[in-house]
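Okay, structure first, notes after.
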Amino acid sequence: MYLVTVMAEAATVLLVEDNEDNLRIYSTILTYSGYQVIEATDGEAGLAAARERQPSLILMDVSIPKIDGWEVTRILKADPATATIPVIALTAHALATDRERAQEIGFDGYISKPAEPRQVLAEVERRLGKPTPRQAV
Ligand code: MN
């Protein structure tokens, strides 16, 4: 006889951000809170990671190299394989036109930068729920 304990798989957050400071800060708080974090620093890498890893949620800086976050999200939302992954925009542009554009493209949420790490964490928790704390063995 044996016992198998199945741990809940940690929710995975894909963080697409080219600013090194923001990447470190957001990645650290999300990891510390129990999420599994995948980091990408440009649009091509973000697109590939989204397709291959099927994250639970994507935090998408819109201003990133190679393919910008608007275009990456448009591509993801047009593809049935990735369309249902929630994508939260991170943008320094708090303009009303940007909000409209974000809605048109299909972003599921919107965070204006500079964003407090706590604010980013709160948005992720609101969407995914708080991760189950890892149990000590
Ligand atoms: Mn950027």
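Please read these numbers as outputs of a predicted model, since none were measured by experiment. Counting from 1, the numbers follow the sequence of the chain as shown. As the structure lists them, so they are numbered: ligands from 1, and atoms in each ligand from 1.
- Using a 4.0 Å cut-off between charged nitrogen and carboxylate oxygen, K66 and D18 do not count as a salt-bridge pair.
- With salt bridges taken as basic N to acidic carboxylate O contacts below 4.0 Å, one links E39 and R24.
- Using a 4.0 Å cut-off between a side-chain N of Lys or Arg and a carboxylate O of Asp or Glu, R101 and E104 do not qualify as a salt bridge.
- L76 has its side chain out of reach of I85: every pair of non-hydrogen atoms, C-beta onward, lies at least 4.5 Å apart.
- Each of I111, L90, L128, L57 was checked for a side chain to side chain contact (heavy atoms under 4.5 Å, CB included) with E123, and the lone residue meeting it is I111.
- Around the Mn ion (ligand 1), the protein N, O or S atoms found under 2.8 Å comprise D18 OD1, D61 OD2, S63 O.
- Between E17 and K113 there is a salt bridge, since at least one side-chain N of the basic residue sits less than 4.0 Å from a carboxylate O of the acidic one.
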